[in-house]
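Step one of this worksheet: look at the structure below.
Reckoned from all heavy atoms, side chains included, excluding hydrogens, waters and symmetry mates.
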Amino acid sequence: MEKHHRKSKAQKGRSNRRNISWLNEEEHKAWHILFNGELTPQEIAKKINERYLDPDWFMVAIDRRR
């Protein structure tokens, strides 16, 4: 298992428990190949909607602090 920063270091994500997910090597590599660690959650949701998700569904990224 590998540590994955949910909010990337490039976006000033910290290395605390809340921001770390544990992924297997394949999942971790795939995430970084697809999203490069530099996209915002809204940009990631848009890319998933355009290319990967069933067109009958729509993924939305909403800031929990709102």
Would you check if [X] and [Y] make a side-chain contact, meaning some heavy-atom pair closer than 4.5 Å?
X: M1; Y: N24; result: yes
X: W22; Y: K3; result: yes
X: V60; Y: Q42; result: no
X: L34; Y: Y52; result: yes
X: I48; Y: F35; result: yes

Quiz item: Could you give the distance from OG1 (T40) to NZ (K7), rounded to the nearest 0.5 Å?
Solution: 11.5 Å

Quiz item: Atom CD of E2 and atom NE2 of H32: how far apart are they, to the nearest 0.5 Å?
Solution: 8.5 Å

Quiz prompt | Counterpart residues, ring-ring contact (aromatic ring centres under 6.0 Å, His included), relative to H5 (two or more places apart) | solution = none

Do you know the tightest heavy-atom contact between [X] and [Y]?
X: A45; Y: A61; result: CB-N, 4.1 Å
X: N49; Y: F58; result: ND2-CE1, 3.2 Å
X: R6; Y: S21; result: CD-OG, 3.2 Å

Self-check item: Pair E50 + K46: basic N to acidic O under 4.0 Å
Solution: yes

Quiz prompt | Proximity of H4 and W31 rings by center, below 6.0 Å | solution = yes

